[in-house]
Trainee: 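Pasting in a structure now, in structure tokens, and then I'll have a few things to ask.
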Amino acid sequence: MNILVLGSGGREHALAWAIMQNPKCDRLICAPGNAGMEAIAECADLDITDGSAVVAFCEEVAVDFVIIGPEAPLAAGVADRLRAAGILCFGPSAAAARLEASKAFTKEICDAVAAPTAAWARFEDVDAARRYIADTGIPLVIKADGLAAGKGVVIPETLDIALDAVKTIFSNYGDAGETVVIEEFMEGEEASFFVLVDGETCLPIGTAQDHKRVGEGDAGPNTGGMGAYSPAPVLTDAIARQAMDEIIRPTMAEMARRGAPYQGVLYAGLMIRDGRARLVEYNVRFGDPECQVLMMRLGAQALDLMLACAEGRLHEARVTWADDHALTVVLAAQGYPGAYVRGSVIEGVGSCPEDSAHMVFHAGTARENGALVAAGGRVLNVTARGASLQEARDRAYAMVDRIDWPEGFCRRDIGWRALR
Ligand code: AMP
Ligand code: GLY
């Protein structure tokens with residue numbers, strides 16, 4: 001079959017890499033892609049949030065199956081447009097993608113089924129929000145309701161910062177900041193839980209832990225994620241069952257009941273404490289870089305699972321689990337998540353092994369005159385698999401050490417929570 005992957009990050013390179021290993025894939029196209037995807041698939045220049053353009057492209061090149069990587073095309077309704085045109089697609093409708101696009105919507109769904117999550121309140125008015133904060137005090141968490149490119153969450157250290165934060169969200173965040181959600185601060189350890197949902201059946205496909213802060217020991221500002229590993233030992237089988245029973249299945253049933261059945265991968269951010277999980281947030285896509293470690297472990301069966309999901313056949317699907325571990329280290333441009341320079345040359349990637357246990361996935365990369373250059377903040381995802389997390393980590397950092405990129409940096413402590 002002809003398959004189109006939408007997106008240009010490390011997540012989509014990892015998806016493309018897994019799909020290519022499955023004999024069902026005859027032709028793979030990535031849009032817009034990056035230098036890593038160019039090496040294993042065709043790349044097409046396409047505005048992936050423009051549903052008409054995506055449908056026209058699929059009809060022109062006879063695409064059989066579309067896999068949507070990032071949230072923006074999902075929130076823009078690209079999956080709806082594809083399905084309306086009769087094209088098989090992996091990813092939720094715009095109505096179901098509200099689980100990521102609106103934090104207040106997700107909280108309402110949780111309340112409707114009594115799913116464990118932080119207590120919350122919503123505000124459309126800055127003065128009411130500031131009065132609430134002054135009455136409640138910190139700790140609390142302040143969130144812009146809409147998609148704010150990962151910048152919409154503030155965990156204020158002082159009351160003044162909290163009061164300023166609501167003002168900033170209301171005045172600077174456009175549509176994303178018309179509503180502010182204020183939540184109870186949950187203590188605990190965070191982990192990511194990935195579940196395929198075909199409207200009815202929910203099938204867990206793995207756990208992972210991200211490293212959101214830029215600095216070692218989880219210090220410094222938040223990023224898109226500086227590294228990840230799978231599985232996440234903190235998310236035990238018992239906690240996964242509790243999360244399925246109390247959070248995932250009830251909320252998915254509520255979405256179906258409201259006429260917006262969910263189809264695609266559901267990424268539940270969970271806060272774990274005293275052997276129980278509470279929902280931090282839903283994302284309607286794979287995590288990046290969590291997808292890289294999940295794909296490393298799932299390999300070619302990832303395509304079969306995504307197909308079963310898109311075709312409503314998850315009840316007959318099975319995940320073949322290996323007793324293995326994967327870890328990915330993000331190499332980012334110096335300055336990230338603040339301002340950084342593009343265009344620096346990266347050498348040594350070609351000297352890294354590429355096999356079922358080693359892979360350098362590309363995020364923000366491009367080719368210029370034959371050289372590999374940095375073209376984004378997060379640039380490479382050096383990923384390895386092993387019989388233990390320690391082995392996966394040793395393999396990943398051995399590859400990192402082969403890469404010659406003075407303008408880049410990485411965290412040296414990916415995996416520390418699980419290995420401590
Ligand atoms: P989000 O943009 O919703 O992923 O939030 C970013 C991060 O803020 C999460 O990954 C958590 O680390 C943290 N966070 C969000 N909500 C809460 C909460 N209610 N309690 C504690 N931490 C939170
Ligand atoms: N790594 C976090 C995310 O993809 O949202």
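Every number for a ligand or one of its atoms is a count from 1 in the order of the listing. Quick note: numbers below take in every heavy atom, side chains included, and nothing from hydrogens, waters or symmetry partners.
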Trainee: Heavy atoms, side chains only, cut-off 4.5 Å: are Q301 and V319 in contact?
Mentor: yes
Trainee: Among E281, E100, E290, find the one that has a side chain to side chain donor-acceptor pair (under 3.5 Å) with Y267.
Mentor: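 Answer to the side chain to side chain donor-acceptor pair (under 3.5 Å) test with Y267 among E281, E100, E290: E290.
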Trainee: Is R122 salt-bridged to D145, cutoff N-O under 4.0 Å?
Mentor: no
Trainee: Only heavy atoms of G224, strictly under 4.0 Å: list the atoms of ligand 2 that pass.
Mentor: 1 (N), 2 (C)
Trainee: Any salt bridge linking D274 with R276? Criterion: basic side-chain nitrogen under 4.0 Å from a carboxylate oxygen.
Mentor: no
Trainee: May I ask you to say whether R420 pairs ionically with E189, meaning some side-chain N is under 4.0 Å from a carboxylate O?
Mentor: yes
Trainee: Could you tell me which atoms of ligand 2, counted from 1 in the order shown, lie closer than 4.0 angstrom to a heavy atom of Y267?
Mentor: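 Near Y267, the atoms of ligand 2 are 2 (C), 3 (C), 4 (O), 5 (O).
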Trainee: Check the surroundings of atom CG in D355: do more than 12 heavy atoms from other residues, nucleotides or ligands lie under 6.0 Å from it?
Mentor: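 Enclosed.
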Trainee: Looking only at heavy atoms, is any part of M186 under 4.0 Å from ligand 1, and if so is it the side chain, the backbone, or both, or is it neither?
Mentor: both
Trainee: Between R412 and E216, is there a salt bridge with N-O shorter than 4.0 Å?
Mentor: no
Trainee: Any atom of ligand 1 sitting under 4.0 Å from a heavy atom of N222?
Mentor: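 Judged by the 4.0 Å heavy-atom criterion, N222 does not count as contacting ligand 1.
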Trainee: Which of the numbered atoms in ligand 1 are under 4.0 angstrom from any heavy atom belonging to K143?
Mentor: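 Close to K143: 3 (O), 15 (C), 16 (N).
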Trainee: Assess whether atom CG of D237 is packed by more than 12 heavy atoms of other residues, nucleotides or ligands within 6.0 Å.
Mentor: no
Trainee: Hey, does S192 sit under 4.0 Å from ligand 2 if you only count heavy atoms?
Mentor: no
Trainee: Just to check, does E187 reach to within less than 4.0 Å of ligand 1 when the distance is taken from its heavy atoms?
Mentor: no
Trainee: Are any of the N/O atoms on E190, whether in the backbone or the side chain, positioned under 3.5 angstrom from an N/O atom of ligand 1?
Mentor: yes
Trainee: What atoms of ligand 1 come within less than 4.0 Å of a heavy atom belonging to E184?
Mentor: 18 (C), 19 (N), 20 (N)
Trainee: Judged on heavy-atom distance to atom 5 (O) of ligand 2, which of R285, R11, E290 sits nearest?
Mentor: R285
Trainee: By number and element, which atoms of ligand 2 are closer than 4.0 Å to a non-hydrogen atom of G287?
Mentor: 4 (O)
Trainee: With heavy-atom distances below 4.0 Å as the criterion, list the atoms of ligand 1 near K103.
Mentor: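 With K103 as reference, the close atoms of ligand 1 come out as 2 (O), 3 (O).
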Trainee: Near D210, which atoms of ligand 2 are under 4.0 Å from a heavy atom of that residue?
Mentor: 1 (N), 2 (C)
Trainee: With R278 as reference, evaluate E184, E246, E187 under the salt bridge (Lys or Arg N to Asp or Glu O under 4.0 Å) test and give the passing residue.
Mentor: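 Testing each of E184, E246, E187 against R278, the sole residue satisfying salt bridge (Lys or Arg N to Asp or Glu O under 4.0 Å) is E184.
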Trainee: Take a 6.0 Å sphere around CG of D135 and say whether it holds more than 12 heavy atoms from other residues, nucleotides or ligands.
Mentor: yes
Trainee: Numbering the atoms of ligand 1 from 1, which are under 4.0 Å from a heavy atom of A118?
Mentor: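 Matching atoms, with element in brackets: 19 (N).
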Trainee: Could you list the atoms of ligand 1 found under 4.0 angstrom from a heavy atom of K212?
Mentor: 4 (O), 10 (O)
Trainee: With heavy-atom distances below 4.0 Å as the criterion, list the atoms of ligand 1 near M271.
Mentor: 21 (C), 22 (N)
